[in-house]
Amino acid sequence: MLTIWGRLNSHNVKKVAWLAAEIGMPHVRHDVGGQFGMDDAYRALNPNALIPTIEDDGVVLWESNAILRYLAARYAPDLWPQDPVERAQSDKWMDWQFTFSSAQHRAFHGLIRTAPADRDQAAIEQSAAKANQLIPILETTLGRQSWLSGDRFGIGDVPMGVYIHSWFALAIDRPDMPNVAAWYERLKARPHYAEIVMIPLT
């Protein structure tokens, strides 16, 4: 059985737990990181002292998007096309997620992980503005196709699918992006997305 280590209020852990549920893969998850800490046994699995980490049939793997690719390639190849051109389209958005998450990072941590009295409002607004400047890239693509992966849901939708929930849930000003909003509604209609990704931001 697949084992996932990591607390579910981590974006990167949500990615892995959501995909495991999407492909119907039985798994157990152990809370690690943040308020749960990390013991020496976990650090031996992941020397970066980050989350998530998985163990699957003797395979230990860290880095969330590498885990997504591994799970899809081994258990759900229809979610990660074999054709290199199609596969690259998913990979592009999986890597672009880090550009977006870097832009949104200070807004998320300022509003969710920082006490109100300690918040740097200017940094929060600057971060939100950087994220908003990137969203039109999604808007344009989603005006041409239903999913970031192409004409159907795939692992290219998973990383940004997690982060777009935060973008909509954070108390920030947002530009009107109807194609992104429609994609978000399609994501919300997926039961495992609603169950795993759309938990309260903490």
Side-chain angles (χ1 to χ4, degrees), residues 2 4 6 8-25 27 52 54 61 63-105 107-108 128 130-170 172 174-199 201:
L2 175 69
I4 303 170
L8 199 54
N9 62 352
S10 157
H11 287 79
N12 289 330
V13 176
K14 285 181 182 180
K15 295 180 206 175
V16 174
W18 173 28
L19 182 64
E22 283 281 347
I23 64 179
M25 189 169 188
H27 64 278
I54 67 162
L61 189 61
E63 292 297 329
S64 58
N65 287 355
I67 294 170
L68 296 182
R69 292 179 174 104
Y70 164 80
L71 292 176
R74 186 167 185 179
Y75 299 107
D78 57 313
L79 295 183
W80 195 34
Q82 295 298 305
D83 178 80
V85 175
E86 292 183 46
R87 177 172 283 196
Q89 300 310 305
S90 289
D91 286 345
K92 172 180 67 180
W93 292 111
M94 295 177 77
D95 291 345
W96 188 82
Q97 169 253 294
F98 292 104
T99 298
F100 183 83
S101 62
S102 178
Q104 186 173 260
H105 177 81
F108 179 86
K130 287 181 179 178
N132 288 344
Q133 289 170 2
L134 293 171
I135 290 291
I137 298 173
L138 288 180
E139 178 72 8
T140 298
T141 295
L142 292 166
R144 297 192 300 259
Q145 58 196 54
S146 296
W147 302 96
L148 294 180
S149 300
D151 60 0
R152 58 181 177 149
F153 174 82
I155 64 168
D157 295 278
V158 173
M160 274 308 302
V162 170
Y163 276 89
I164 208 63
H165 171 64
S166 296
W167 187 70
F168 277 106
L170 287 173
I172 59 173
R174 283 177 295 277
D176 183 29
M177 295 284 157
N179 296 325
V180 174
W183 173 61
Y184 183 47
E185 291 301 315
R186 289 190 288 276
L187 290 169
K188 291 194 294 182
R190 305 184 76 86
H192 297 301
Y193 184 86
E195 170 194 2
I196 294 169
V197 177
M198 297 182 68
I199 61 175
L201 301 181

Write out all pairs satisfying salt bridge (charged side-chain N to carboxylate O under 4.0 Å, His left out) with one or both partners inside [range], taking only residues at least two apart or from two chains.
{"range": "residues 9-24", "value": "Glu22-Arg190"}
{"range": "residues 71-80", "value": "Asp56-Arg74, Asp57-Arg74"}
{"range": "residues 79-93", "value": "Arg69-Asp91"}

Would you please name every residue forming a ring pair (Phe, Tyr, Trp, His ring centres under 6.0 Å) with [X], sequence neighbours left out?
{"X": "His165", "answer": "none"}
{"X": "Tyr75", "answer": "none"}
{"X": "Tyr70", "answer": "none"}
{"X": "His105", "answer": "His109"}

request  = Name all residues meeting the side-chain hydrogen bond (donor to acceptor under 3.5 Å, both in side chains) criterion together with His27; count only those two or more places apart in sequence or in a different chain, and write none if there are none.
outcome  = none
message = Please enumerate all residues that pass side-chain hydrogen bond (donor to acceptor under 3.5 Å, both in side chains) together with Glu185, with sequence neighbours excluded.
response = Lys188
His11 vs Ser101, side-chain hydrogen bond (donor to acceptor under 3.5 Å, both in side chains): CA-CA, chis, key distance, verdict = CA-CA 10 Å; His11 287 79; Ser101 62; over 6 Å; no
Could you list the residues that satisfy side chain to side chain contact (heavy atoms under 4.5 Å, CB included) with [X], not counting sequence neighbours?
{"X": "Ser10", "value": "Arg7, Asn12, Val13, Ile51"}
{"X": "Pro175", "value": "Asn132, Trp167, Met177"}
{"X": "Thr141", "value": "Trp93, Arg144, Gln145, Leu148"}

